[in-house]
Amino acid sequence: MAIKDLPDTECVMPGSAACPGCPATIALRTTFKALGKNTIMVVPACCTSVIEGLHPNTSFDVPVMNIAFEAAAAGASGVKAALKQQGKDDITVLAWAGDGGTYDIGIQALSGALERQTDFIYICYNNQIYSNTGIQRSGATPYGAWTTTTVGGKTEFRKEMGEIIQAHHIPYAAQACVSYPEDLYNKVKKAKSIKGPKYIEIIAPCPPGWRFGMEKTVEMGTLAVETGAWALYEYENDVVTFNGKSKLLLEKKIEPKPIEDWIKLQGRFRHLFKPKRDVKRLKEIQEHTDMVWERYRKHHL
Amino acid sequence: MKKYDVVTTISYPKKGAMGKTGSWRVFKPILDKEKCVKCLRCWIYCPEGTIIRNKDDTIDIDYEYCKGCGICANVCKVKAITMERETTKK
Amino acid sequence: MRQCMQGKSHYHGKGDNEKMTVMIDTGNYIAAKAATMAHPDVVAAYPITPQTTLVEGIANYVKSGEFKGEYICVESEHSAMSACIGASATGVRTFTGTSSHGLLLMHEMLHWAALARLPIVMCNINRVVGPGWNIWTDENDSISQRDTGWLQFYCSSNQEIFDTIIQSFKLAENGKVSLPVMINYNAFILSHTSMPVDIPEQKEIDDFLPKYKPKWKLDVENPITFGNIILPAEYEKVRKDMQNSQENAKKLIPEIAKEWKKKFGRYHGDLIEKYNCDGAEYILLSMGAIGAESRVAINNLRKDGFKIGLARVRTFRPFPKEEILKLGKQGNLIVIDRNISVGSEGAVFSEVKAALYGKSDAKVYGFIAGLGGKDVTYNDIETICKKAVSGKAKDCEWYGLEGV
């Protein structure tokens with residue numbers, strides 16, 4: 001699968017309210033190339049609910065139901081049940097939520113929908129903050145990151161949502177990145193072909209949230225994978241398979257770039273470098289990253 | 001497109017739902033067609049969908065809606081796209 | 001007891017339908033039967049005492065095959081209403097039930113469902129709100145939801161529960177209404193007490209309640225975005241239209257009730273249910289089980305020479321302003337609230353006075369009774385009425401705690 005093999009399908013039209021350089025819309029465009037228009041979206045409060053634009057217009061060319069922040073997966077359960085009753089089971093139900101609506105306020109509804117084996121795809125586009133409300137910390141925010149509510153840097157490491165999802169033993173789950181569109185496309189396509197609950201999480205570097213130039217969104221995603229800050233993998237039938245660069249990292253066939261290479265380019269970590277190097281915290285971040293990968297190796301090699 | 005006869009928040013698809021977002025630009029992508037190798041990285045990575053993919057895989061830019069983020073120039077491996085500051089004269 | 005007997009209806013009301021089955025069962029199981037007979041496509045619910053047997057009743061119908069929809073055991077009441085919203089938005093008939101804390105947990109989504117104009121029908125078993133934990137009955141749970149835009153009925157018998165559920169689907173789904181409906185009935189007194197109920201034949205119900213035709217829906221053939229950002233002036237129009245729809249409901253509720261009476265021979269009032277009001281100088285207003293109990297009290301008071309009648313408030317939203325004004329023209333009003341808006345007074349008391357303001361000389365006496373599930377017998381009601389009639393009642397009296 002090469003980029004030029006990706007279909008022309010567009011379900012998000014130009015002229016939306018997204019910030020320039022927004023990773024959510026990059027992710028949406030690729031996702032919809034895999035899903036097509038026979039899809040109904042359920043979107044909780046998140047950046048996407050603003051990106052849609054102002055009533056009476058919308059930038060989306062598929063049916064979208066906006067719903068309350070914590071309710072994406074529950075709303076999706078209802079939509080799917082209704083479609084089944086209407087004999088329209090072929091329509092894909094896509095719950096599309098940010099990390100806030102997935103890791104934190106929405107985790108209950110998500111867990112419930114997965115446990116009930118709801119036949120839908122849940123995609124979390126993760127920009128590691130509550131972005132829509134102005135860059136507050138979430139359960140996905142990495143250790144040491146500035147946010148408006150962790151002004152000196154977050155004091156806890158982020159949740160490993162992937163592992164929580166795996167504990168639900170659903171048919172398919174994956175981690176992807178906006179910077180690897182063929183990989184994301186394949187994962188969404190695969191999810192579409194499977195019955196039952198599917199979960200895909202896409203790391204989405206956010207220029208205003210992470211504080212980097214808006215032209216560098218794709219670069220930040222690539223670096224996240226190359227430093228090990230984010231792993232690309234698939235979980236299917238209780239087996240986790242790493243993909244691409246992440247596979248090479250897992251197997252130690254290549255060395256990860258130092259996590260600092262990723263961190264130093266983002267203003268949200270600036271306080272770890274200026275006015276002076278925060279040796280302790282930078283060490284902790286690298287050690288934690290290494291530990292997470294050792295855990296991956298222990299379980300998945 | 002069928003309009004529903006009910007008073008609640010129902011919105012209908014429209015290109016340019018937020019207007020002509022090309023007006024947001026500070027920098028504008030300029031394409032050098034000679035250099036373009038038709039890899040389509042700019043097309044897939046454009047957040048706005050304003051890189052138009054032609055049938056022969058060449059590209060054009062929709063300046064009405066392009067927000068000038070610069071990702072296309074950033075991901076182009078042959079530097080076929082450069083960002084130029086918009087002038088105040090239109 | 002879930003006995004079904006073929007035969008003529010033999011209790012109060014004008015039923016004379018040979019084809020009716022009689023079911024002797026609790027309010028919850030009767031509600032489950034009614035809900036199932038309305039053919040909802042999706043039921044999403046979460047158990048809470050004393051609603052549990054309602055959802056269990058439907059689960060039994062899932063097993064028997066009588067319930068042909070999707071039955072989703074969600075993981076919270078907030079998710080229950082969210083799932084109902086998702087289903088209703090996709091264009092199918094939905095039903096759920098809850099009580100007390102469950103109702104409060106879905107509060108955000110009650111607003112959502114009403115603003116989305118989704119005709120979801122829900123039973124709420126009126127149960128006391130904690131802390132401390134209290135499973136007996138009062139109305140604070142549903143009364144505190146009166147601003148959400150949901151229509152609200154308060155039932156006083158299991159037969160009324162059955163009839164009102166079917167009527168509510170018809171009401172909610174009417175294009176001039178398009179609002180969700182909450183059917184309230186008292187914890188244990190109705191939910192867990194068996195009464196005989198006439199059950200019409202399925203085809204008669206189908207005749208009364210046709211297939212649901214949504215006013216809008218999520219449809220891949222006609223993609224729309226529901227619920228994105230709306231500017232102030234447009235939002236106000238939505239609110240006004242909801243208000244207009246509740247006004248429309250004021251006309252439709254009596255129409256539907258009359259249609260039901262004609263077809264099935266039962267009538268429980270429409271917006272209010274009047275009892276023994278001819279020549280009354282005082283009229284008692286109460287809701288729910290107290291409304292039923294009040295009939296006994298009125299009979300006794302009449303025997304003692306009091307010229308007093310009963311107007312049971314059946315519909316609280318839309319609030320029957322015009323009916324209340326008519327009552328005020330007839331006599332003074334005595335209101336028993338099984339709820340309290342802390343810091344103010346009982347909700348029915350406030351709204352009755354507001355309905356009369358500037359238009360009536362009628363005196364209105366307010367009483368709080370039965371909070372926390374405290375029993376309110378016909379003796380209590382008689383005592384309350386006598387106090388009101390004596391002219392010695394204070395502005396708003398708490399029966400059993402002070403004053404009376």
Side-chain angles (χ1 to χ4, degrees), chain A residues 11 17 36-45 48-86 88 90-93 95 105-106 108-116 118 120, chain C residues 39-44 46 68-94 96 105-113 116 118 120 212 214 216-231 233-235 237-238:
Chain A
C11 295
K37 297 216 170 179
N38 202 32
T39 305
I40 294 181
M41 273 182 98
V42 178
V43 178
T48 302
S49 45
V50 175
I51 289 169
E52 289 158 14
L54 286 184
H55 165 83
N57 300 322
T58 175
S59 299
F60 282 68
D61 208 11
V62 288
V64 178
M65 182 175 81
N66 284 288
I67 200 164
F69 199 2
E70 61 280 72
S77 294
V79 173
K80 190 58 179 178
L83 288 171
K84 273 201 196 140
Q85 286 291 108
Q86 293 171 326
K88 293 181 183 170
D90 59 299
I91 298 180
T92 304
V93 176
I105 200 173
Q108 179 200 290
L110 171 58
S111 179
L114 299 183
E115 183 270 326
R116 288 191 302 272
T118 311
F120 76 131
Chain C
H39 306 301
D41 278 299
V42 173
V43 168
Y46 192 77
K68 295 179 172 60
E70 289 280 315
Y71 182 71
I72 314 176
C73 295
V74 280
E75 75 299 328
S76 87
E77 286 89 348
H78 191 284
S79 290
M81 188 47 59
S82 301
C84 285
I85 285 167
S88 190
T90 310
V92 304
R93 185 173 283 163
T94 53
T96 187
L105 182 57
M106 52 163 83
H107 174 72
E108 176 192 20
M109 304 317 284
L110 295 182
H111 278 279
W112 198 282
L118 296 172
I120 300 168
Y212 170 46
W216 70 270
K217 62 178 182 173
L218 300 167
D219 182 359
V220 293
E221 304 293 323
N222 187 38
I224 50 128
T225 289
F226 168 73
N228 55 332
I229 298 184
I230 183 170
L231 290 175
E234 289 303 306
Y235 180 89
K237 290 184 192 158
V238 178

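Keep in mind the model is a prediction, meaning the values are calculated, not measured. We name chains A, B, ... by the order of the sequence lines, and we start the count at 1 in each one. For the numbers below, each heavy atom of this structure counts, side chains included, while hydrogens, waters and symmetry mates do not.
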Who wins among [options] for the most heavy-atom pairs under 4.5 Å with chain C?
{"options": "A:Ala109, A:Ala76, A:Pro56", "answer": "A:Ala109"}
{"options": "A:Ala73, A:Ala81, A:Ser59, A:Ala71", "answer": "A:Ala81"}
{"options": "A:Pro63, A:Ser77, A:Gly112, A:Ala74", "answer": "A:Pro63"}

Portion of [X] that has a non-hydrogen atom of chain A nearer than 4.5 angstrom:
{"X": "C:Ile230", "result": "both"}
{"X": "C:Val74", "result": "both"}
{"X": "C:Lys217", "result": "side chain"}

Which residue pairs pass the salt bridge (Lys or Arg N to Asp or Glu O under 4.0 Å) test with at least one member in residues 54-74 of chain A, sequence neighbours excluded?
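Passing the test, one end in residues 54-74 of chain A: A:Lys37-A:Asp61.
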
Nearest heavy-atom pair of [X] and [Y]: which atoms, and what distance?
{"X": "C:Met109", "Y": "A:Ala68", "answer": "SD-CB, 3.5 Å"}
{"X": "C:Asn228", "Y": "A:Gly53", "answer": "ND2-O, 2.9 Å"}
{"X": "A:Val64", "Y": "C:Leu218", "answer": "O-CD2, 3.8 Å"}
{"X": "A:Met65", "Y": "C:Gly86", "answer": "CE-CA, 3.5 Å"}
{"X": "A:Ala113", "Y": "C:Glu75", "answer": "N-OE1, 4.5 Å"}
{"X": "C:Ala87", "Y": "A:Ala82", "answer": "O-CB, 3.6 Å"}

Keeping the roles fixed (side chain from A:Gln86, backbone from C:Thr90), state whether a donor-acceptor pair exists under 3.5 Å.
yes

Main-chain N/O of C:Phe226 paired to A:Asn66 side chain as donor or acceptor, under 3.5 Å
yes

Please flag which part of [X] lies under 4.5 Å from any non-hydrogen atom of chain C: side chain, backbone, both or neither.
{"X": "A:Ile67", "value": "both"}
{"X": "A:Thr39", "value": "backbone"}
{"X": "A:Val42", "value": "neither"}

In terms of heavy-atom pairs under 4.5 Å, which option from [options] contacts chain A the most?
{"options": "C:Ala116, C:Cys84, C:Cys73", "answer": "C:Cys73"}
{"options": "C:Ser82, C:Ser88, C:Ser79", "answer": "C:Ser82"}
{"options": "C:Gly69, C:Ala44, C:Ala80", "answer": "C:Gly69"}

Check C:Glu70 with A:Lys80, please: is the shortest side-chain N to carboxylate O separation under 4.0 Å?
no

Those residues that, when tested against C:Lys237, pass side-chain hydrogen bond (donor to acceptor under 3.5 Å, both in side chains) (two or more places apart):
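Testing C:Lys237 for side-chain hydrogen bond (donor to acceptor under 3.5 Å, both in side chains), a comparison that skips the adjacent residues, returns C:Glu234.
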
Which distance, rounded to the nearest 0.5 Å, do you find between the CG of A:Leu83 and the CG of C:Asp219?
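Between atom CG of A:Leu83 and atom CG of C:Asp219 there are 9.5 Å.
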
Any chance you could measure A:Gln85, atom CD, to C:His39, atom NE2, to the nearest 0.5 Å?
12.0 Å

What residue among C:Ile229, C:Thr225, C:Ile224 forms side-chain contact (heavy atoms from CB on, under 4.5 Å) with A:Thr58?
C:Thr225

